[in-house]
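Working notes, beginning with the structure itself.
Note that this is a predicted model, so its numbers are computed, not measured.
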Amino acid sequence: MDMSVISIESLAIEFSQTLTARGFYKGSLRHFSPYQSSGVLQSNREVLGLVLLGELLVEFSDSQWVIEMGTEFFLPPNVYFQATAGEQGAHFLFARQRIHLDS
């Protein structure tokens with residue numbers, strides 16, 4: 001992705017403005033220091049995120065992804081994972097899927 005043409009700020013604004021339409025709650029901003037890890041996590045909802053600065057290594061039991069700056073990511077529900085920042089740390093937005101209750 002050519003960051004000279006598309007700013008991280010504009011990506012963050014677009015990401016945040018489209019969350020509701022895509023079925024997610026308002027996003028949260030997180031900062032990880034270099035090599036900081038989330039520990040093992042699991043969510044019962046889908047998670048959508050966007051790396052603003054740095055990179056994240058997301059590890060699953062059978063695979064791993066390196067998610068770079070400017071990249072949106074999706075985590076499926078009910079899967080254990082661990083996220084670890086790269087050598088420059090990481091700033092990222094994430095949002096959880098809304099639950100629709102049938103009446």
Side-chain angles (χ1 to χ4, degrees):
M1 177 175 291
D2 184 356
M3 289 298 142
S4 65
V5 176
I6 301 173
S7 75
I8 292 299
E9 182 180 10
S10 66
L11 287 174
I13 290 168
E14 181 180 338
F15 176 82
S16 296
Q17 290 176 339
T18 63
L19 287 174
T20 302
R22 295 195 280 174
F24 290 82
Y25 286 110
K26 180 180 174 187
S28 297
L29 177 65
R30 291 288 189 266
H31 168 74
F32 278 11
S33 299
Y35 304 111
Q36 180 179 347
S37 175
S38 65
V40 177
L41 301 172
Q42 186 241 5
S43 175
N44 61 348
R45 300 179 194 175
E46 295 175 352
V47 174
L48 191 61
L50 173 67
V51 176
L52 300 173
L53 292 170
E55 66 182 21
L56 282 176
L57 169 66
V58 179
E59 298 175 274
F60 301 93
S61 62
D62 61 350
S63 63
Q64 62 183 16
W65 306 334
V66 175
I67 305 166
E68 298 178 344
M69 181 175 78
T71 304
E72 194 172 287
F73 61 91
F74 172 82
L75 301 173
N78 304 314
V79 174
Y80 288 96
F81 66 94
Q82 178 170 296
T84 305
E87 68 181 68
Q88 302 299 317
H91 291 265
F92 57 99
L93 294 167
F94 74 95
R96 290 182 182 90
Q97 177 187 35
R98 289 191 316 242
I99 293 179
H100 302 283
L101 300 176
D102 295 327
S103 21

Members sharing Val66's hydrophobic cluster (side chains within less than 4.5 Å): Leu57

Asn44/Asn78 under side-chain contact (heavy atoms from CB on, under 4.5 Å): CA gap, chis, key distance, verdict: CA-CA 5 Å; Asn44 61 348; Asn78 304 314; 3.7 Å; yes

side-chain contact (heavy atoms from CB on, under 4.5 Å) evaluation trace for Met69 with Ile8: CA-CA 8 Å; Met69 181 175 78; Ile8 292 299; 3.6 Å; yes

Apart from Tyr25 itself, residues in the same hydrophobic cluster as defined by side-chain heavy atoms under 4.5 Å: none

same_hphob_cluster(Leu11, Leu56) at 4.5 Å side-chain heavy-atom cutoff: no

Inter- and intrachain pairs under ring-ring contact (aromatic ring centres under 6.0 Å, His included), touching residues 40-59, at least two apart: none

Pairs where residues 68-91 contributes a residue and the test ring-ring contact (aromatic ring centres under 6.0 Å, His included) is met, not counting sequence neighbours: His31-His91

Listed once per pair and sorted, the salt bridge (Lys or Arg N to Asp or Glu O under 4.0 Å) pairs that draw on residues 67-76, sequence neighbours left out: Arg22-Glu72

Single-linkage hydrophobic cluster, 4.5 Å side-chain cutoff, Val51 and Phe60 together: yes

Steps toward side-chain contact (heavy atoms from CB on, under 4.5 Å) verdict (Glu59, Thr84): CA-CA 8 Å; Glu59 298 175 274; Thr84 305; 4.2 Å; yes

Salt bridge (Lys or Arg N to Asp or Glu O under 4.0 Å) contacts in which one or both residues fall within residues 75-97, not counting sequence neighbours: none

Value rounded to 0.5 Å, distance of OG in Ser10 from CZ in Phe15: 13.5 Å

CA sep, side-chain torsions, deciding dist, call: Gln82, Ser37, side chain to side chain donor-acceptor pair (under 3.5 Å): CA-CA 7 Å; Gln82 178 170 296; Ser37 175; 3.3 Å; yes

Trace of the side-chain contact (heavy atoms from CB on, under 4.5 Å) decision for Ile67 with Val58: CA-CA 8 Å; Ile67 305 166; Val58 179; 3.5 Å; yes

